[in-house]
Number of protein chains: 2
Amino acid sequence: MARKGGTRERVYEYVRKRILEGTPPTVREVQRELGFRAVQSAQEHLDALVASGRLEKVGRVSRGYRLPGSNGTASFVPLLGSVQAGELSEAIENLDAYVAVDHDFGDRRGFALRVRGDSMIDAGILPGDIVIVCEQPDAENGEVVVALVDDEATVKRLRVRNGRVELHPENRSYPVIVPAGPLRILGRVVEVRRYLESDIRPT
Amino acid sequence: MARKGGTRERVYEYVRKRILEGTPPTVREVQRELGFRAVQSAQEHLDALVASGRLEKVGRVSRGYRLPGSNGTASFVPLLGSVQAGELSEAIENLDAYVAVDHDFGDRRGFALRVRGDSMIDAGILPGDIVIVCEQPDAENGEVVVALVDDEATVKRLRVRNGRVELHPENRSYPVIVPAGPLRILGRVVEVRRYLESDIRPT
DNA sequence: GAGTATACCCGACATATGTCTGATTTAATA
DNA sequence: TATTAAATCAGACATATGTCGGGTATACTC
């Protein structure tokens, strides 16, 4: 294999590795890692990486280097085992299970929900799967949503037919749900996850 | 003892929030956030939280507070669009798409792979899904693996029958693969993901 | 009341850390 | 050769930061 790139590249690799590990390095840690005898050498490489857009930094604070873009800035959303009626914010309180997501929800909040039942199995959503949900009060036709049906959160595909909102399961064994009154939508499913090993599954 | 809404709890909430955002706070940042007039007040709360096991800290370094356990320490694994023959490590080089995972792979490395084809559709793995893989050279009977078949990476369920290794698709339209020679296993699938929106999908 | 524990405060020290000014080396170029 | 730009080094400064010793007030226990 060809020899690894120059010093600039090694600085970038090290900083990225540290950021990914959760602790961005200080300037002097970069200096020591790369074997520089002057702080300034590390500083200039970092400045150059920031100038070229490969790194970002926040003000004059320690360990202030980040990876640009939405990537690299992982956030966590609370995992709800099940959502009964009532306020969603109450269900989110006092949770200590979180799952990492690598995109943000803009102004809205996000949460995760464990799927019960096999009503969406034809859409590749199996019992026990975890859906990442963007909290919002309405949704478009065809989107997979989390809605409150009989005081319990359920995952279904939303269809608008003849001006009426319907919740379609993706399993021929289940009937289409036509809400009598107004439908309470908790959010829109943006991601589906399945953990195949018990020891890495969130509690 | 610790009453709900107490100062101790507010300190914990703030520190956790900051850690999840990627930048653990300094002692003085905690002080300012909570309105303490003395650094020591924040320090003592932090010490207490560490003593009770709700926080962890690394040495005398700045921003050294962590959330205990594997949870909270998100890492990133490289996303491979496809894996052809040859060394996996080469395919991992020069990737700038990463996905966040909230568990670690121990001594092993992890990577992500975009699934092609619908051969695992009955296992709820659809075309375009992303599998998180723990890199390892072998696997147990019944595990979903990534293996090299005809110089291309493929996702199948591994079965051992009569002492012979077989790769089983989960789709009746596809035949069982019985490797002629030794089977090259790239890793074991530990997680399946599906992004339902194009704008949050990793490149 | 004496003792004790908790929570908060004050002031301080040694080191860590971001940043700056200027010099030296190195390599490519006119 | 002289010039120029990049990379590295040297030394320093102001502030940030972890840590420490000791103080005050309140509540509770004996």
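In what follows, chains are A, B, ... by sequence order, proteins preceding strands, each numbered from 1. Scope of the values below: all heavy atoms of this structure, side chains included, with no hydrogens, waters or symmetry mates.
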(Q) Could you check whether A/Thr23 and A/Arg63, counting side-chain N and O atoms only, form a donor-acceptor pair closer than 3.5 Å? (A) no
**Q.** Any residue meeting salt bridge (charged side-chain N to carboxylate O under 4.0 Å, His left out) with A/Arg108, in chain and number order, not counting sequence neighbours
**A.** none
Q) Among all residues two or more places apart in sequence or in another chain, which pass the ring pair (Phe, Tyr, Trp, His ring centres under 6.0 Å) test with B/Tyr14? A) none
Q: Sugar-phosphate means primed atoms, P, OP1 and OP2; the rest is base. With that split, encode nucleotides 11-26 of chain D 5' to 3' as B, S or - using protein heavy atoms under 4.0 Å.
A: -B----BBBB------
Q. Over how many whole Å does the gap from A/Phe36 atom CZ to C/dG18 atom C1' extend?
A. 17 Å
Q: Among residues two or more places apart or on two chains, list those pairs meeting side-chain hydrogen bond (donor to acceptor under 3.5 Å, both in side chains) that have a residue in residues 136-150 of chain A.
A: A/Gln136-A/Arg188
Q) Is there a side-chain polar atom (N or O) of B/His45 under 4.0 Å from OP1 or OP2 of C/dC8? A) yes
Q: Quickly work out the B/Arg8 CZ to C/dA5 P distance and round it to whole Å.
A: 16 Å
(Q) B/Thr26: which residues meet the side-chain hydrogen bond (donor to acceptor under 3.5 Å, both in side chains) condition with it, sequence neighbours left out? (A) none
What pairs of donor and acceptor atoms, side-chain ones from residues 42-51 of chain B against any protein atom, are under 3.5 angstrom apart with sequence neighbours left out?
from, atom 1, to, atom 2, distance (Å)
B/His45, ND1, B/Arg8, NE, 3.0
B/His45, ND1, B/Arg8, NH2, 3.4

(Q) Rounding to an integer number of Å, can you tell me how far A/Glu9 CD sits from D/dA7 P? (A) 13 Å
**Q.** B/Ser41 vs C/dC9: side-chain N/O to OP1/OP2 distance below 4.0 Å
**A.** yes
